[in-house]
There are 2 protein chains.
Amino acid sequence: MGQQKTAPENGTRESERRRTILRAAIDVFARKGYHGCRIADVAKEAGVAYGLVYHYFKNKDELLETVFETGWSGFIARARAVAESEGPLVEKVRRIADVAFEAYRVDPRAVKVLILEIARSPAGARINRQTAFVDVIRLSAQMFTHAKEAGELRPDVDPLLASALLFGSIEMGLTAFVVGLADARDAVMLERAKAQIADSFLHGVLLGGASAQAEPAKAEPVKPEPPKEEAPSDGAPLKREKAAPKARAPKRG
Amino acid sequence: MGQQKTAPENGTRESERRRTILRAAIDVFARKGYHGCRIADVAKEAGVAYGLVYHYFKNKDELLETVFETGWSGFIARARAVAESEGPLVEKVRRIADVAFEAYRVDPRAVKVLILEIARSPAGARINRQTAFVDVIRLSAQMFTHAKEAGELRPDVDPLLASALLFGSIEMGLTAFVVGLADARDAVMLERAKAQIADSFLHGVLLGGASAQAEPAKAEPVKPEPPKEEAPSDGAPLKREKAAPKARAPKRG
DNA sequence: TGGCTGGCTGATTCTTGAATCAACCAGCCG
DNA sequence: CGGCTGGTTGATTCAAGAATCAGCCAGCCA
């Protein structure tokens, strides 16, 4: 395929092979977990020889490290852009939720690995990882600090903690899908979850507060939600009630 | 120490030794992570011979499993009690946060292991674990469902998701301490964080909405909580700073 | 054509650490 | 005392799987 495969050039600088292996690693990690798989699995998934993995990556750990950097850097960049942009806090929070959910929509497996294997990787964990997670939280904490100074936040809210809570909500919301608590194949559901996360975070869940979608300050690009005549969402919640174009995506194991 | 060490009796039925090993396991897991330590480490920490660990536990996995059950069952029992009790949602949410933070205060290491190693253990994870986590969420989801029926919740809030968000907030709040983002040795800080988590979740972080402690539409019929004179949760950041008795102590109700 | 180069291969080697087990050491009972 | 029982020990065994390495092969240039 890549005609000019002569090493040196290649705009991407990242050989096709290398990318294949990385992709395979993400899939295998997502399926069996970092510790639960052997390099052999990755190689097989990628359809390459065992040794080739070592040609491109120093060792198993570097492989995970790379998966991390690849996925995380993209997310953090977008999140930072939002956090540092101008505009009302409400907007920013919504957009951050957007970024996270979009990432999930585009590549759920990668997000799963990020959430399950990396964000919470135990103490010893080399490099960034844990640090990285802390970084985003610090980053958005600044956003909250500014918002607070601008009088958008309740004065008794701690910026750092608020930041942690926002990401905690987002993460757990995503986890619900990752873990299968909610059906992730349903785009509408994702959209709804995203909206609720932002709303709950901003206005709380209690009745009587500022009504949630009160101000569509900025019209959402999509309006997948009808009048919100909430269905009797009993204990069997996040499972789309009535009919729905059951876009049956094949459950890839 | 029980003089009568003859096996059969012993009210606890759990030998002193066994408990020592379990404790050591918690500490070591918390320090180096499950995969990052060997049985030998646990044995050394406990001050017993390598083989003894296997005398009390079938294998390494059972050890983790036990750590899990031990810590988790206690938490889930308390959480369930709160969720199924009578009273306004506001109260329940606060008390659930209480339970979680109290657990942390009592045994931070154990909580760390629970959060880092078990709650998010990757896919394949045997038994409960992941399931257990899902269970609490389902459990509290019911609580939200009832609250919704009682008109305490905004109608557009999905119970299951709300539940996930609550625990997501709690977990991330705790994680902030676990990871060292915030100083966990300060009891006041913990108290403050706990309060903010409940408040933010209930009323949102925005200024202007229902003021934090504003009463929701439905007045609380019960006043089950004693004054609970808590630390003044002012706006001070997670880093304890000098006085800033910014008035407003969120004395609920 | 023949000699290079470098991506690629996979059997082989080496390490790590889980799990086993034969022996040891009380205290106890007959 | 001598034989039991059951907690305790730690060297030994063993399997898993990470990392290595001696080469293979395809394309390329002289």
Side-chain angles (χ1 to χ4, degrees), chain A residues 1-25 28-29 31-67 117 121-122 124-126, chain B residues 1-25 28-29 31-67 117 121-122 124-126:
Chain A
M1 6 254 69
Q3 21 294 49
Q4 302 305 72
K5 62 183 346 159
T6 11
E9 48 59 60
N10 183 344
T12 335
R13 180 158 66 303
E14 194 183 34
S15 87
E16 187 66 22
R17 274 328 183 91
R18 184 187 157 93
R19 224 170 308 148
T20 301
I21 294 174
L22 207 48
R23 182 69 245 167
V28 176
F29 287 171
R31 188 162 357 107
K32 325 186 13 178
Y34 179 70
H35 292 288
C37 74
R38 342 175 227 320
I39 288 293
D41 296 325
V42 175
K44 190 189 300 179
E45 174 84 22
V48 302
Y50 185 99
L52 195 59
V53 175
Y54 283 91
H55 178 73
Y56 287 109
F57 301 89
K58 196 159 103 287
N59 55 40
K60 194 182 176 186
D61 209 64
E62 184 182 291
L63 193 49
L64 180 61
E65 204 63 55
T66 305
V67 168
E117 303 291 334
S121 71
R126 205 152 317 319
Chain B
M1 41 179 56
Q3 19 292 54
Q4 301 303 71
K5 62 183 343 133
T6 12
E9 48 59 59
N10 183 343
T12 334
R13 179 160 62 308
E14 193 183 34
S15 87
E16 188 65 21
R17 277 323 188 115
R18 184 188 158 91
R19 225 169 308 146
T20 302
I21 293 174
L22 207 48
R23 182 69 243 167
V28 176
F29 287 170
R31 185 154 9 101
K32 325 182 19 174
Y34 180 70
H35 292 289
C37 74
R38 344 176 225 317
I39 289 293
D41 296 324
V42 175
K44 191 191 300 178
E45 174 84 23
V48 301
Y50 184 99
L52 196 59
V53 175
Y54 283 91
H55 178 73
Y56 287 108
F57 301 90
K58 197 162 103 284
N59 55 41
K60 193 182 177 187
D61 210 63
E62 184 182 291
L63 192 50
L64 180 61
E65 204 64 53
T66 305
V67 168
E117 303 292 332
S121 69
R126 207 156 313 323

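Bear in mind the structure is a predicted one, so any value in this text is a computation, not a measurement. Values below: every heavy atom of this structure, side chains too, minus hydrogens, waters and symmetry copies. Proteins come first, then strands; the chains are lettered A, B, ... in the order of their sequence lines, and each starts at number 1.
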(message) Counting C-beta onward and ignoring hydrogens, is there a side-chain heavy-atom pair between A:Arg31 and A:Glu45 closer than 4.5 Å?
(response) yes
Output the rounded distance in Å from [atom1] ([X]) to [atom2] ([N]).
X: B:Leu52; N: C:dC24; atom1: CG; atom2: P; value: 18 Å
X: A:His35; N: D:dA18; atom1: NE2; atom2: C1'; value: 14 Å
X: B:Glu16; N: D:dG7; atom1: CD; atom2: P; value: 15 Å
X: A:Phe57; N: D:dT20; atom1: CZ; atom2: P; value: 16 Å
X: A:Arg18; N: C:dG6; atom1: CZ; atom2: C1'; value: 17 Å
X: B:Tyr54; N: C:dC21; atom1: OH; atom2: P; value: 13 Å
X: A:Leu64; N: D:dA18; atom1: CG; atom2: C1'; value: 15 Å
X: A:Lys58; N: D:dT20; atom1: NZ; atom2: C1'; value: 15 Å

If you only use heavy atoms from C-beta on, which nucleotide in [options] is closest to the side chain of [X]?
X: A:Ala49; options: C:dG10, C:dA18, C:dG7; value: C:dG10
X: B:His55; options: C:dA19, C:dG10, D:dG7; value: D:dG7
X: A:Tyr50; options: D:dT8, C:dT9, D:dT20; value: D:dT20
X: B:Arg17; options: C:dC8, D:dA18, D:dT9; value: D:dT9

(message) Closer than 4.0 angstrom, basic N to acidic O: yes or no for B:Asp41 and B:Lys44?
(response) no
(request) Describe the nucleic acid contact of B:Ile39 in one word from base, sugar-phosphate, nothing, applying a heavy-atom distance below 4.0 Å. (result) sugar-phosphate
(request) Using a 4.0 Å heavy-atom cut-off across all strands, classify B:Tyr56 as base, sugar-phosphate, or nothing. (result) sugar-phosphate
(message) Rounded to the nearest 0.5 Å, what separates atom CG in B:Leu22 from atom CZ in B:Phe57?
(response) 4.5 Å
(message) Working note: B:Thr66 + B:Arg18, criterion side-chain contact (heavy atoms from CB on, under 4.5 Å); need CA distance, chi angles, decisive distance, verdict.
(response) CA-CA 11 Å; B:Thr66 305; B:Arg18 184 188 158 91; 3.8 Å; yes
(message) For the backbone of A:Tyr34 and the side chain of A:Lys60, can you confirm whether one donor and one acceptor N or O come within less than 3.5 Å of each other?
(response) yes
